[in-house]
Amino acid sequence: MISTQIWEDAQLLWDFQQMGHEPRRCSIILGLGSHDLSVADAAVDLYEQGLAPVLVFTGATSPTTRERMPRGEADHYRERALERGVPARDIYVEPLARNTGQNITFSRQLMGEAGIEVSSALLVTKPYEERRAYATARKQWPEVEFVSASAPVSLERYVESIGDARLVLDMLVGSLQRLLVYPEQGHMIRMEVPSDVVAAYDRLREAGFTSRLIVTGDTTTPA
């Protein structure tokens, strides 16, 4: 059983991760690979609204996606986009990235090789990773203006869609930890984290939602 306090703390982290950006037309739509195909659907929704001429999907596999997406996150995202009618010519796939920093830097390289000039990007990720992804993208591709986006869904509905509350809460805690420690390691820009959000994060850690935490001294493999 997950207590009321835990859900309240999770909601605080969830709400904080939301950037509240208004989607607008950009050079590309950049979908960051994960275990969640709703990221691909959110990216396609934005494409169908005419907010960018191309979709870029990035991601290999990770321990949380290997079983769900054996062909790689970006390839599974591409398949979903094709199923929804996006022309293959408008989809670019970056299949090697294994962390958020690589999602950005490898996509940057891919766009350069394709001759696509990027001045702005709709950055599509899971709802609880908007802020983390934005902070990483601003650091790794500073000349591009990023607009954060994700599927418009509540925490409760999101947990229902994933079917694993502990996984979602572990991910929430892991994402917040990275916002706290990665700026010092040079992986992302620093963003102010309110004290009530930090307190909620601490309580969730103490409650055992720790499987996505990194060893604080490890500066070599951002995830």
Inset, instruction - Decide side-chain contact (heavy atoms from CB on, under 4.5 Å) for Gln17 and Leu179; before the verdict, give the C-alpha distance in whole Å, the side-chain angles of both, and the deciding distance to 0.1 Å. - result: CA-CA 10 Å; Gln17 284 284 352; Leu179 275 174; 3.6 Å; yes
Inset, instruction - Give the minimum heavy-atom separation between Glu130 and Ser150, together with the two atoms involved. - result: OE2-OG, 2.7 Å
Inset, instruction - Could I get the full list of salt bridge (Lys or Arg N to Asp or Glu O under 4.0 Å) partners for Asp170, not counting sequence neighbours? - result: none
Inset, instruction - Answer with yes or no whether the hydrophobic clustering places Val181 together with Val193; edges join I, L, V, M, F, W, Y residues whose side-chain heavy atoms lie under 4.5 Å apart. - result: yes
Legend entry - Taking every non-hydrogen atom, the tightest pair across Pro194 and Phe16: CD-CE1, 3.4 Å
Inset, instruction - Could you tell me which residues satisfy side chain to side chain donor-acceptor pair (under 3.5 Å) with Glu160, sequence neighbours excluded, listed by chain and number? - result: none
Legend entry - Side chains of Leu155 and Trp7 in contact at under 4.5 Å (non-hydrogen atoms): yes
Legend entry - side-chain contact (heavy atoms from CB on, under 4.5 Å) assessment of Ile28 paired with Tyr92: CA-CA 10 Å; Ile28 63 171; Tyr92 290 80; over 6 Å; no
Legend entry - For Glu8, salt bridge (Lys or Arg N to Asp or Glu O under 4.0 Å) partners two or more places apart: none
Inset, instruction - Would you indicate whether the side-chain heavy atoms of Arg84 and Asp45 approach each other to under 4.5 Å? - result: yes
Legend entry - Side-chain donor or acceptor of Gln177 paired with backbone N/O of Ile214 under 3.5 Å: yes
Legend entry - Donor-acceptor contact below 3.5 Å, side chain Arg78 vs main chain Ile91: no
Legend entry - Single-linkage hydrophobic cluster, 4.5 Å side-chain cutoff, Leu180 and Phe209 together: yes
Inset, instruction - Examine Met19 and Ile29 and state if one hydrophobic cluster contains both, with Ile, Leu, Val, Met, Phe, Trp and Tyr joined whenever side-chain heavy atoms are less than 4.5 Å apart. - result: no
Inset, instruction - Scan for salt bridge (Lys or Arg N to Asp or Glu O under 4.0 Å) pairs involving residues 143-155, sequence neighbours excluded, and state none if there are none. - result: Arg24-Glu145, Arg108-Glu143
Check: residues 118-127 side-chain donor-acceptor pairs under 3.5 Å, at least two apart:
from	atom 1	to	atom 2	distance (Å)
Ser119	OG	Ser27	OG	3.3
Ser120	OG	Ser27	N	3.2
Lys126	NZ	Glu129	OE1	3.1

Legend entry - Heavy-atom check, side chain of Pro53 versus side chain of Arg25, under 4.5 Å: yes
Inset, instruction - Please confirm whether the backbone N or O of Arg157 pairs with a side-chain atom of Ser154, one donor and one acceptor, at under 3.5 Å? - result: yes
Inset, instruction - State plainly whether the residues Arg205 and Asp9 are in salt-bridge range, i.e. N to O under 4.0 Å. - result: no
Legend entry - Mutual orientation of the aromatic rings belonging to Trp14 and Tyr128 [parallel < 30°, tilted 30-60°, perpendicular > 60°]: tilted
Legend entry - CZ (Arg203) with more than 12 external heavy atoms under 6.0 Å: yes
Legend entry - Closest non-hydrogen atom pair between Thr58 and Ala97, with its separation: OG1-CB, 3.5 Å
Inset, instruction - Report yes or no: does Glu94 contribute a side-chain atom to a donor-acceptor pair with the main-chain N or O of Ser107 at less than 3.5 Å? - result: no
Legend entry - Distance-only polar pair, side chains of Asp36 and Ser34, donor-acceptor under 3.5 Å: no
Inset, instruction - For side-chain contact (heavy atoms from CB on, under 4.5 Å), just list the numbers for Leu172 and Leu176, CA-CA rounded to whole Å, side-chain angles, deciding distance to a tenth of an Å, and then say yes or no. - result: CA-CA 6 Å; Leu172 272 167; Leu176 200 283; over 6 Å; no
Legend entry - Any Asn99 side-chain heavy atom under 4.5 Å of Thr136 side chain: no
Inset, instruction - Using a 4.5 Å cut-off on heavy atoms from C-beta on, say whether the side chain of Met191 contacts that of Tyr134. - result: yes
Inset, instruction - With the side chain counted from C-beta on, respond yes when Lys139 and Ile104 share a heavy-atom pair under 4.5 Å apart, and no when they do not. - result: no
Inset, instruction - Check whether Val39 and Val56 end up in the same hydrophobic cluster, where Ile, Leu, Val, Met, Phe, Trp and Tyr are linked by side-chain heavy atoms less than 4.5 Å apart. - result: no
Inset, instruction - Look only at the side chain of Gln140 and the backbone of Met188, and say whether a donor-acceptor pair between them is shorter than 3.5 Å. - result: no
Inset, instruction - Answer yes or no on whether Arg138 is positioned over the face of Phe146, meaning its NZ or CZ is under 6.0 Å from the six-membered ring centre and within 45° of the axis. - result: no
Inset, instruction - Could you tell me whether the side chain of His21 and the main chain of Val147 form a donor-acceptor pair under 3.5 Å? - result: no
Legend entry - Steps toward side-chain contact (heavy atoms from CB on, under 4.5 Å) verdict (Leu55, Tyr77): CA-CA 10 Å; Leu55 290 168; Tyr77 280 20; over 6 Å; no
Inset, instruction - Scan residues 12-23 for pairs that pass salt bridge (Lys or Arg N to Asp or Glu O under 4.0 Å), counting only residues two or more places apart or in two chains. - result: none
Legend entry - Path from Leu110 to Val86 over hydrophobic side-chain contacts below 4.5 Å: no
Legend entry - Considering all heavy atoms, the nearest Ala133-Thr100 contact: CA-CG2, 4.3 Å
Legend entry - Gly174 backbone acceptor or donor facing Arg178 side chain under 3.5 Å: yes
Legend entry - Sidechain-backbone polar pair: His76 side chain, Arg71 backbone, donor-acceptor under 3.5 Å: yes
Legend entry - Test item: Arg80 and Phe57 side chains (from C-beta on) under 4.5 Å apart, heavy atoms: no
Inset, instruction - Taking all non-hydrogen atoms of both residues into account, name the closest pair between Tyr158 and His35 and its distance. - result: OH-CE1, 3.9 Å
Inset, instruction - Report yes if some heavy atom in the side chain of Val173 is under 4.5 Å from a heavy atom in the side chain of Tyr201; otherwise report no. - result: yes
